[in-house]
Number of protein chains: 2
Amino acid sequence: MNASATRAPAKPTGLDCRLAVLGSDVRLTPHRREVFDVLASSTDHPTAYDILDRVKSRSPHISLATVYNCLEHLTTAGLIKQVQLERGQSRYCANLHEHVHFHCETCGKVSDAHPAADFDPAKFWNLPKGTKVTRMDIAIHGTCEACTAKH
Amino acid sequence: MNASATRAPAKPTGLDCRLAVLGSDVRLTPHRREVFDVLASSTDHPTAYDILDRVKSRSPHISLATVYNCLEHLTTAGLIKQVQLERGQSRYCANLHEHVHFHCETCGKVSDAHPAADFDPAKFWNLPKGTKVTRMDIAIHGTCEACTAKH
DNA sequence: TTTTAGAATTAGAATGATTCTAATTGCATT
DNA sequence: AATGCAATTAGAATCATTCTAATTCTAAAA
Ligand SMILES: [Mn+2]
Ligand SMILES: [Mn+2]
Ligand SMILES: [Zn+2]
Ligand SMILES: [Zn+2]
């Protein structure tokens, strides 16, 4: 983060570890690639520690600092999203479609829910004219299907 | 928090510092009352430190620990809400009506926005049948009226 | 092929917000 | 006045994250 600010980043020209994904400009080093892959194959919104554990099976020597670095680069590049549901650990999500988060207060699971096609959320709130909306964070808390069933 | 768990709380029987507000069961000690009053007369969603500063003008010796204690009791009693917009400091809000938070990314201000009367948010997301919703946290990020105007 | 300069990675220290601990103080009933 | 909790406090501890200061990589330059 400090280092990358010192100068314009050298344009990646190398091979397998420098895939330009989705038009983004991140250098996809092996670690960043692994962190991304872990996240892309997860639907449970893991924390940095969860990701560390999962990446360790492929790269046993990766450090927590590197996981945080990778997550920051991937987030800045727009390849993943940081999700803040409660105080404490952030969670991460590789689903880039517009969606909201459902958090089960019984089992703790976090899942994605997608809006109906015609959903235009901004019009439901009386925001003053002139307000510009860039992003919405919507978290729904409750009891999931499974937890409701086994009650 | 620890102390209050040891036993059923003695029912308040005293006078001015024990007002039962809105059917809640908190003892409204002078400090809790001041913290609540500061919040009730604020629309800017102050942090614990902001609240400490404001309460200090009336109670110069109040401690940060007490502010946190008061905020926790008031939150548990349902008299105020804790608001988590980004990582870092929590904010607090005494508006108990259903509302969402607008956060201006330019000036940092946080304000309330109220939904249209016919707004039924849950139906817009395809939550699995059987899901029970208890609460929604909706944060809208963007540029406020004033900041948009002065650009 | 060696050099070199910037970027990536690392362990551990530092930070910041909150929570916990262990007194001490205050109040309401006895 | 004595008793017994609950409230309050300062400071320590905790937890997630960010920063620091090396060290290692890598890709282009020489
Ligand atoms: Mn998600
Ligand atoms: Mn509010
Ligand atoms: Zn569940
Ligand atoms: Zn603004």
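Below, chain A is the first sequence line, B the second, and so on; all start at residue 1.
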inquiry  = Can you pull out the residues from residues 45-68 of chain A that lie within a 4.0 Å heavy-atom distance of DNA chain C?
reply    = A:H61, A:I62, A:S63, A:A65, A:T66
request  = Give a yes/no on whether any side-chain N or O of A:H31 is located under 4.0 angstrom from OP1 or OP2 of C:dT9.
outcome  = yes
ask   = With a 4.5 Å heavy-atom cut-off, do A:L39 and A:I51 have their side chains touching?
value = yes
inquiry  = Looking at B:H73, is its backbone amide N or carbonyl O close enough to the side chain of B:R32 to form a donor-acceptor pair, meaning the two atoms are under 3.5 Å apart?
reply    = no
ask   = Do A:R91 and A:L85 touch side chain to side chain, with heavy atoms closer than 4.5 Å?
value = yes
inquiry  = If we ignore hydrogens and angles and just use 3.5 Å, is the side chain of B:S59 paired with the main-chain N or O of B:I62 as donor and acceptor?
reply    = no
task = Determine: side-chain N/O of B:T29 to OP1/OP2 of D:dT8, distance under 4.0 Å, yes or no.
result = yes
task = State the dot-bracket string of DNA chain D. Criteria: Watson-Crick or G-U wobble, both atom distances under 3.5 angstrom; notation: ( ) intrastrand, [ ] crossing earlier pairs, | interstrand, . unpaired.
result = ||||||||||||||||||||||||||||||
Non-hydrogen side-chain atoms of A:Q82 and A:L71 separated by less than 4.5 Å = no
key: Residues that A:E98 engages under side chain to side chain contact (heavy atoms under 4.5 Å, CB included), provided they are two or more places apart   = A:P115, A:P121, A:M136
key: Side-chain N or O of B:R87 closer than 4.0 Å to phosphate OP1/OP2 of D:dT17   = yes
inquiry  = Could you check whether any side-chain heavy atom of A:Y92 comes within less than 4.5 Å of a side-chain heavy atom of A:V83, counting everything from C-beta outward?
reply    = no
query = Side-chain N or O of B:R32 less than 4.0 angstrom from OP1 or OP2 on D:dA7?
reply = yes
query = Taking the six-membered ring for Trp, are B:H101 and B:H103 ring centroids under 6.0 Å apart?
reply = no
